[in-house]
Number of protein chains: 2
Amino acid sequence: MALDQHEVPDIVVGRLPVYLRALSAMKSGGKQYTSSHELAEWLGISSAQIRKDLSHFGEFGKQGTGYSVIGLYDELRQILHLDQDWPLIIVGAGNIGSAVASYTGFSHRGFRVVGLFDNDPTKIGAQIGGLTVQSNNEIPQFVADSHTQHAMITVPAQYAQQVADILVASGIKAILNYAPINLNVPHNVHVEYIDPVLHLQKMTYYL
Amino acid sequence: MALDQHEVPDIVVGRLPVYLRALSAMKSGGKQYTSSHELAEWLGISSAQIRKDLSHFGEFGKQGTGYSVIGLYDELRQILHLDQDWPLIIVGAGNIGSAVASYTGFSHRGFRVVGLFDNDPTKIGAQIGGLTVQSNNEIPQFVADSHTQHAMITVPAQYAQQVADILVASGIKAILNYAPINLNVPHNVHVEYIDPVLHLQKMTYYL
DNA sequence: ACCAGTTTGTTCATACTAGCACAAGCGCGC
DNA sequence: GCGCGCTTGTGCTAGTATGAACAAACTGGT
Ligand SMILES: NC(=O)c1ccc[n+]([C@@H]2O[C@H](COP(=O)([O-])OP(=O)(O)OC[C@H]3O[C@@H](n4cnc5c(N)ncnc54)[C@H](O)[C@@H]3O)[C@@H](O)[C@H]2O)c1
Ligand SMILES: NC(=O)c1ccc[n+]([C@@H]2O[C@H](COP(=O)([O-])OP(=O)(O)OC[C@H]3O[C@@H](n4cnc5c(N)ncnc54)[C@H](O)[C@@H]3O)[C@@H](O)[C@H]2O)c1
């Protein structure tokens with residue numbers, strides 16, 4: 001029964017959302033109980049890893065039975081602070097920004113897109129995914145008023161850093177960057193990256 | 001001077017595209033030489049790691065000078081088999097599939113989108129990103145004719161597995177899956193995943 | 001030619017990660 | 001009540017990854 005007194009490894013935290021995603025699918029499928037073995041096969045990893053990962057946070061299973069799907073789902077949501085809806089803004093209303101803004105997959109997983117920004121005057125005012133595109137100038141005020149801590153950057157690479165600077169100055173604490181460039185931010189701001197080409201290139205090594 | 005007789009760790013292979021991306025930016029900036037220290041600071045990792053990663057493949061630097069940007073760039077492209085353009089198909093011509101199909105960022109990084117497929121009759125025949133949307137039925141023949149080995153899946157989660165099965169049966173060897181679900185494929189087929197929500201959820205743990 | 005400054009490739013020690021294996025616990029059927 | 005089959009949580013071991021440190025090597029200036 002190890003509680004999170006000790007630091008939980010980053011790599012473990014990164015797997016929790018994957019477990020949550022699988023549990024969500026099981027829940028939708030009407031499944032009531034699962035086991036570390038079943039989850040492991042589902043996800044293609046070892047069952048011991050799942051048990052050990054979860055043991056960082058408490059004891060959620062029952063010997064002989066396994067885990068209650070809904071029970072573990074709720075526990076993980078709490079651990080990840082997803083038992084609330086986090087507001088989220090997107091900067092860059094281009095191809096990918098528009099697609100993401102229209103994406104309905106955030107709502108049941110802890111996030112809600114509340115703002116979409118661009119600096120192109122011809123785009124400001126347009127309606128995309130139920131949102132009105134706003135000017136970059138509105139970002140600081142909007143972030144403050146809405147208490148938003150999450151942002152996605154979907155602008156061309158050469159503008160990504162300046163957008164990041166605006167976001168950091170506005171109080172954003174977590175940035176998901178789609179632009180293929182590494183960002184410089186203070187240590188208390190978290191950044192993650194999405195670049196499909198990186199994945200493709202990695203796989204190509206093995207072909 | 002360790003050549004790749006021994007197995008190169010997967011995690012190392014995964015970093016090579018990141019190095020390549022940074023080198024590409026330096027190249028565009030007109031930079032001629034760089035060092036492991038400069039790259040490390042740029043990317044926020046340790047310089048020793050960069051040197052050791054590269055040492056798996058050969059000796060590309062010169063003491064006192066560092067690395068030729070173009071030289072290392074070309075070496076990495078060869079190592080990753082990116083000194084050619086790989087054809088790439090996309091299945092699912094919805095929001096995200098259309099955005100990706102229109103993305104111009106593949107062309108200079110080793111890939112070229114050559115086909116876009118959907119099973120919705122109202123979408124087949126449409127023009128998106130310079131491509132004509134084709135029916136799923138065309139996939140096997142198209143893949144065979146074009147010798148395509150890379151595919152991206154951008155269909156709703158519940159159809160992702162069946163699309164993956166079609167792709168595997170058609171001869172695709174590398175799949176980048178945007179749907180939030182784990183795929184079952186033979187061991188000789190590589191799969192990578194992109195799910196923005198996973199990244200957001202991970203960062204939320206620390207907030 | 002030599003020295004000072006720099007940077008590589010590699011060695012070595014430390015830290016981290018993954019998975020085996022098993023005691024302890026639970027449920028079910030008889 | 002009792003035994004059998006199953007599953008958890010964790011100690012331990014083996015395997016991996018990381019980063020500090022350093023000898024060797026190269027450059028440029030004097
Ligand atoms: N489209 C894709 O599939 C895809 C995939 C991976 C990565 N990306 C990356 O995502 C980013 C956007 O790609 P895209 O295809 O949507 O490009 P895009 O040109 O369609 O959209 C970019 C948008 O950003 C806006 N913009 C530019 N500078 C800005 C600024 N300073 N502040 C606010 N808005 C600004 C532009 O007005 C435009 O609307 C790029 O960095 C690209 O490399 C795109
Ligand atoms: N839009 C985003 O920003 C975003 C982000 C992350 C992940 N995703 C994921 O990407 C996928 C697509 O999202 P979207 O927003 O583009 O959805 P969408 O509904 O706009 O597009 C899905 C497309 O797939 C097609 N399709 C359905 N079944 C098919 C099949 N069997 N064969 C071929 N085509 C088929 C549909 O006709 C439609 O055109 C989803 O799994 C979603 O979860 C989307």
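Numbers restart at 1 for each chain; the letters A, B, ... are given by sequence-line order, proteins then strands.
In this structure, B:Ile11 reaches the sugar-phosphate backbone alone: every heavy-atom distance under 4.0 Å involves primed, P, OP1 or OP2 atoms, never a base. Using a 4.0 Å heavy-atom distance criterion, B:Ser47 is classed as making no nucleic acid contact.
Of the two residues near DNA chain D, B:Gly64 and B:Ser46, the one whose nearest nucleotide lies more 5' is B:Ser46. Each of A:Phe60 and B:Asp10 lies near DNA chain D, and the nucleotide nearest A:Phe60 is the one positioned closer to the 5' end. Sequence order on DNA chain C of the closest nucleotides to A:Thr65 and A:Arg15 puts A:Arg15 first from the 5' end.
One interatomic measurement links the two molecules: CD of B:Glu7 to P of D:dT16, which rounds to 10 Å at whole-angstrom precision.
Distances from the side chain of B:Gln49 to the nucleotides C:dG9, D:dG19, D:dT7 place D:dG19 closest. Closest to the side chain of B:Ser36, from the set C:dT10, D:dA17, C:dT8, is C:dT8. Looking at the side chain of B:Gln63, the nearest of the listed nucleotides D:dA17, D:dT27, D:dA24 is D:dA24. Across C:dT8, C:dC26, C:dC20, the shortest atom-to-atom separation from the side chain of A:Ala48 is found for C:dC20. In this structure, of D:dT7, C:dT8, D:dG19, it is D:dG19 that holds the atom nearest to the side chain of B:Lys52.
Residues B:Phe57 and B:Val8 have side chains in contact (heavy-atom distance under 4.5 Å, counting atoms from C-beta outward).
Side chain of B:Thr204 to main chain of B:Leu200: a donor-acceptor pair is present (N/O by atom type, distance under 3.5 Å, no hydrogens or angles). Without hydrogens or angle criteria, B:Gln134 side chain to B:Asp118 main chain gives no donor-acceptor distance under 3.5 Å.
Between B:Asp53 and B:Gln49, the side chains place no donor N or O within less than 3.5 Å of an acceptor N or O (distance only, hydrogens not considered).
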